[in-house]
**Student:** 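Take this structure first; my questions come after.
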Amino acid sequence: MVLFREGFKVFDIHGHLPYNYPSTGEKHEKIQQYGRERSERMRLTWDFPASEADPGQAKRPLVARWKDELDRYGIGGLNFLTGWTNDELAAQIAFAPDRFTGFASHPIERPDAAQELKRAVDELGLKGYKLFGPLTPVAFDDESLAPVWTFLAERELPVLIHFGLLGHAGGIVQHTNINPLSIFNVARRYPDIPIIIPHFGCGYFQELLHLCWSCPNIFVDTSGSNQWIRWMPYELTLETLFRKTYELIGPERIIFGSDSLGFPRGYNYRYLQDQVRAARDLRFSESEIEGVFGNNARKLLRLEPSIPLSELKETIR
């Protein structure tokens, strides 16, 4: 599991604790069955476990299990984007604040969204805000949301917004806010907000690149299996995603995420392996790789960078 220079530790911007997934309406049993079948096919494709190898593990505190996963794979830190509530997420992080950070994730259309975000940051210590475009019923540039954007801009806090396909098979593919370009007016109006878009746009890669070209505050999160590339009308590979993003915005605005979200699957280490392989095949420099796979995220969250032992030894000399 030696993927990096000695001493460097990955920081993962994209993990999930269980959370109250907003309702997207009732699904017909045929659609539910279709989703289960495709989910099982993905599980077999990626060799994900179907059940706990040790049933006793399920009784342990969830965040303690996550800490073991980070230790198992040598991951320096993990940022949780969602939890049951902001308070419960903060309580989980408190178990190991040197390894975990978190984002607030309450709905932005709530009348008290700005106040809750301020509380989550100032009182709970959360580092940013997580939203789902296809679950947000109001336009992002609606004036009612201005207090939220103003607060994020004043603090220069990151917001991570999922655009594109959402959910398992049978999930959302059409919505007013499904396209990354739906955040364009906000990104232009509030350039001090770092806006992170995960999964390379999840089906909207061209639109994401256009947004990145126009707005210097757009960051690209690499997270997940990115299997959506198989359903595009033109050929895409993981290497293509990395190469075209790098060519347009450089390595400083690319941020690694695994989209790890629960047990028995645990940490999605294979996603990390595949992405590091792609970056190395494209001849990213070592410092660029360390930026993408940890230090870019640390900079956004105002954490100390991970310094490889080789560089630390040179400094000591």
Side-chain angles (χ1 to χ4, degrees), residues 11-15 76-83 86 89-90 93 97-98 100-110 112-133 136 140-163 177 180-198 208 211-223 245 248-257 288 290-306:
F11 186 92
D12 185 338
I13 196 74
H14 198 129
L78 175 62
N79 182 64
F80 289 120
L81 297 172
T82 54
N86 293 338
L89 175 58
I93 290 169
D98 59 324
F100 301 111
T101 56
F103 279 14
S105 60
H106 55 283
I108 195 172
E109 68 272 16
R110 277 175 43 174
D112 67 338
Q115 296 94 316
E116 172 59 14
L117 180 58
K118 185 177 188 302
R119 186 187 75 88
V121 171
D122 291 344
E123 298 181 22
L124 302 180
L126 301 183
K127 298 286 188 179
Y129 196 23
K130 165 63 189 286
L131 297 169
F132 293 92
T136 302
F140 283 117
D141 59 356
D142 189 282
E143 286 304 313
S144 66
L145 307 184
V148 172
W149 304 126
T150 299
F151 175 76
L152 290 167
E154 289 174 349
R155 300 290 186 91
E156 298 184 351
L157 293 170
V159 56
L160 188 148
I161 310 176
H162 177 107
F163 293 104
N177 291 322
L181 293 177
S182 64
I183 200 67
F184 171 73
N185 290 336
V186 171
R188 289 289 293 270
R189 190 178 304 164
Y190 301 94
D192 291 326
I193 302 175
I195 299 173
I196 307 168
I197 299 180
L208 173 57
L211 188 63
C212 287
W213 175 84
S214 178
C215 304
N217 52 328
I218 301 296
F219 292 75
V220 176
D221 160 350
T222 67
S223 61
T245 305
L248 179 61
I249 62 176
E252 297 84 5
R253 289 158 61 190
I254 305 174
I255 302 175
F256 166 71
E288 290 172 343
E290 289 162 2
V292 169
F293 292 95
N295 287 340
N296 293 345
R298 289 183 174 101
K299 183 177 180 180
L300 281 184
L301 302 187
R302 299 168 194 175
L303 306 173
E304 290 296 320
S306 177

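Residue numbers count from 1 along this sequence.
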**Student:** Is the side chain of N296 donor-acceptor paired with the backbone N or O of I254 at a distance under 3.5 Å, no angle test?
**Tutor:**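 Indeed, once roles are kept as given, a pair shorter than 3.5 Å links the two residues.
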
**Student:** Examine distances only and state if a side-chain atom of N177 and a backbone atom of S182 form a donor-acceptor pair shorter than 3.5 Å.
**Tutor:** no

**Student:** Using only heavy-atom distances, determine whether the side chains of N185 and R188 contain a donor-acceptor pair under 3.5 Å.
**Tutor:** no

**Student:** Just to verify, what does N79 make a side chain to side chain donor-acceptor pair (under 3.5 Å) with, not counting sequence neighbours?
**Tutor:** T101

**Student:** Rounded to the nearest 0.5 Å, what separates atom CD1 in I249 from atom CH2 in W213?
**Tutor:**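 Separation between the atoms: 14.5 Å.
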
**Student:** How would you list, by chain and number, every residue that makes a side chain to side chain donor-acceptor pair (under 3.5 Å) with R253, sequence neighbours excluded?
**Tutor:** none

**Student:** Please answer whether the main-chain N or O of E154 pairs with a side-chain N or O of D192 as donor and acceptor at a distance below 3.5 Å.
**Tutor:**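 No; zero donor-acceptor contacts below 3.5 Å.
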
**Student:** Distance check, rounded to the nearest 0.5 Å: I195 atom CD1 versus F219 atom CZ?
**Tutor:**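 CZ of F219 is found 10.0 Å from CD1 of I195.
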
**Student:** With side-chain contact (heavy atoms from CB on, under 4.5 Å) as the test, would you mind laying out the steps for I196 and L300 before giving the verdict?
**Tutor:** CA-CA 10 Å; I196 307 168; L300 281 184; 3.9 Å; yes

**Student:** Is the ring pair F140/F163 parallel, tilted or perpendicular, if the boundaries are 30 and 60 degrees?
**Tutor:**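 F140 and F163: perpendicular rings.
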
**Student:** Any donor-acceptor pair under 3.5 Å linking the side chain of H14 with the backbone of L81?
**Tutor:**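 No; judged by distance alone, with no hydrogens or angles, the pair does not exist.
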
**Student:** Could you tell me the separation between the CG atom of D12 and the CZ atom of F256, rounded to the nearest 0.5 Å?
**Tutor:** 4.5 Å

**Student:** Nearest 0.5 Å, what's the SG-CD1 distance between C215 and I183?
**Tutor:** 9.5 Å

**Student:** Would you confirm whether N217, through its side chain, and I193, through its main-chain N or O, come within 3.5 Å as a donor-acceptor pair?
**Tutor:**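 Side chain of N217 to backbone of I193: a pair is present.
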
**Student:** At what distance, to the nearest 0.5 angstrom, does CG of L301 lie from CZ of F103?
**Tutor:** 5.0 Å

